[in-house]
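So the structure is just underneath, and the comments pick up after that.
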Amino acid sequence: MRLERAIPAAALEAIRAPFAAAGAVLTDAPVLQPLGLLLDLAGESMRSRLFVVSGDGGEEACLRPDFTVAIARAHIEAGAASGRYLYDGKAFRVAPRGSDRAEEFLQIGVEAFEAGDPVAADAEIAALAWASSAAGGRSDLSLVLGDVGLFAAFIDSLDLAAPLAARLTRAFARPRQLKAELEGGVEVTAEQSRIAALLAGLPEGEASAVLQELWSLAGIEPVGGRRPAEIAHRLVERAQAARAGRLSAEQADAVRAFLAVSDRPGAALDAIAALAGPRRAALDAALDGWRARLSGLVAQGVPEDRMVLTAAFGRAFGYYDGYLFEVRSDALGDERPVAAGGRYDGLPARLGAERKTGAVGCMVRPARAYAGGGE
């Protein structure tokens, strides 16, 4: 396993310093995490980036690819109403094919589970990531901003049929699926429709069992590592897609125009407002929240001329459901962010939390933040 290049102790302490002042409790998380849970939350596409560990007769596990899910689980298990947690440790991901990226790397970050003003918390956490990244000495940093929720509010403004709107919102984090929607929708074969009709309405566990029984009766051995529950879920989604209808040419053009917006935040928000459809109340509220968020970022030291709001920006981890950001370095490129984070209010409930609270966090890669590093 390739390790990151070491960085000077003084540089590492400077990068850590903003986090030390964030009012968070230092914590850790088990290195081994349940594979099935992470794939359910982050998406099956993450499988190829994980180090999978199999035991005799036990559930598959993986080395932690980051800390967010592990910290959220620990917070829920502790039964705390709120909490802010600081972590400082190694994470593990398989480098993409053809890349020399490190596979074992240091992450420093904060996860905050708190009630209160989410816009203010968003600005605080992103400003914290910016301060830590800048402490490494790089002069070529930019803050790229996005929002899963802003896309959902824009889709809502178009006044589409509810199933179609829901399908488009889910597709935001899946570029190939979204491209298919904009090009005319997903085709469903007769065979897929009949199987989907059989599975539709069943609880997910029961649908998975039925699909496994069908495979057994047909003498089929599934390949490719995809689980029955995932396949059953996708078959039902495709049948629902066929019933929900498709975008008109005008609606598809409006969505493409939204996704093409990438500019200084103020100009980007104005461009999105000009694209709004007839039912715009939720979008206008989201845009007002963004203007307040940007004011908070500037007030906390993030240079306005270093920020870009990109409407199509998303992250690979599928549990983010709101505001997103990455701190990027021109020298390292878009594929190797120095820092990243965002809002994931829905994750605690998906993990079994009974209390509803806001959830937002960020992490920094010190080896990338350090001006003398190249990881």
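Numbering of residues begins at 1 and proceeds along the displayed sequence.
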Show the nearest heavy-atom pair for residues [X] and [Y], with the distance to one decimal.
X    : Y    : value
A286 : A153 : CB-CB, 4.3 Å
A72  : L347 : CB-CD2, 4.3 Å
E181 : L247 : O-CD1, 4.3 Å
A339 : A129 : CB-CB, 4.1 Å
I108 : P366 : CD1-CG, 3.6 Å
Y370 : A11  : CD1-CB, 3.7 Å

Can you tell if the side chain of [X] reaches within under 4.5 Å of the side chain of [Y], non-hydrogen atoms only?
X    : Y    : result
M363 : F67  : no
E114 : V360 : no
P30  : R73  : no
V144 : L324 : no
V364 : F19  : yes
Y323 : P118 : no
L50  : L39  : yes
V255 : I155 : yes

Problem set entry | Member of V338, D334, L332 meeting the side-chain contact (heavy atoms from CB on, under 4.5 Å) criterion with R336 | L332
Approximate separation, where rounding is to 0.5 Å, of [X] [atom1] and [Y] [atom2]:
X    : Y    : atom1 : atom2 : result
I76  : I71  : CD1   : CD1   : 11.5 Å
L275 : L158 : CG    : CG    : 9.5 Å
L38  : R49  : CG    : CZ    : 13.5 Å
Y344 : T68  : OH    : OG1   : 5.0 Å
L178 : F151 : CG    : CZ    : 5.0 Å
R167 : R246 : CZ    : CZ    : 8.5 Å

Exercise. Going through the checks in order, is the side chain to side chain contact (heavy atoms under 4.5 Å, CB included) test met by L150 and L287?
Worked result: CA-CA 8 Å; L150 191 60; L287 293 172; 4.0 Å; yes
Exercise. Relative to the ring of Y85, is the ring of H75 parallel (under 30°), tilted (30 to 60°) or perpendicular (over 60°)?
Worked result: perpendicular
For this session: Measure the acute angle between the ring planes of F154 and F258, then classify it against the limits of 30° and 60° as parallel, tilted or perpendicular.
Result: parallel
[X] side chain to [Y] main-chain N or O, any donor-acceptor pair under 3.5 Å?
X    : Y    : result
R355 : G79  : yes
S132 : I15  : yes
D159 : R279 : no
R138 : D330 : no
R84  : V110 : no
R256 : L182 : yes

Exercise. Is there a chain of hydrophobic side chains (I, L, V, M, F, W, Y, each step under 4.5 Å between heavy atoms) that links F113 to V119?
Worked result: no
Problem set entry | Joint cluster assignment, L128 & V25, ILVMFWY side-chain distance < 4.5 Å | no
Exercise. Taking NZ, NE, NH1 and NH2 as the nitrogens, is one of them in R293 or D117 under 4.0 Å from a carboxylate oxygen of the other?
Worked result: no
Exercise. Can you list the steps and then say if D270 with R291 is a salt bridge (charged side-chain N to carboxylate O under 4.0 Å, His left out)?
Worked result: CA-CA 10 Å; D270 290 344; R291 293 186 180 96; 3.7 Å; yes
For this session: Begin from the C-alpha positions of V31 and F92 and carry the test side chain to side chain contact (heavy atoms under 4.5 Å, CB included) through to its verdict.
Result: CA-CA 9 Å; V31 171; F92 309 86; 3.9 Å; yes
Anything under 3.5 Å between a donor and an acceptor, one on a side chain of residues 300-310, the other on a protein residue two or more places apart or in another chain? List them.
residue: Q300; atom: NE2; partner: G296; partner atom: O; Å: 3.3
residue: R306; atom: NH1; partner: L141; partner atom: O; Å: 3.0
residue: T310; atom: OG1; partner: S262; partner atom: OG; Å: 2.9

Exercise. When you look at R368 and F105, which way does the side chain to side chain contact (heavy atoms under 4.5 Å, CB included) test go after all the steps?
Worked result: CA-CA 10 Å; R368 292 179 178 175; F105 51 89; over 6 Å; no
For this session: Mind jotting down which residue pairs meet the side chain to side chain donor-acceptor pair (under 3.5 Å) criterion with at least one end in residues 16-28? Sequence neighbours excluded, please.
Result: E13-R16, R16-D88, D28-R64
For this session: For the pair L294 and L145, evaluate side chain to side chain contact (heavy atoms under 4.5 Å, CB included) and give the outcome as yes or no after the intermediate values.
Result: CA-CA 10 Å; L294 294 170; L145 302 163; 3.8 Å; yes
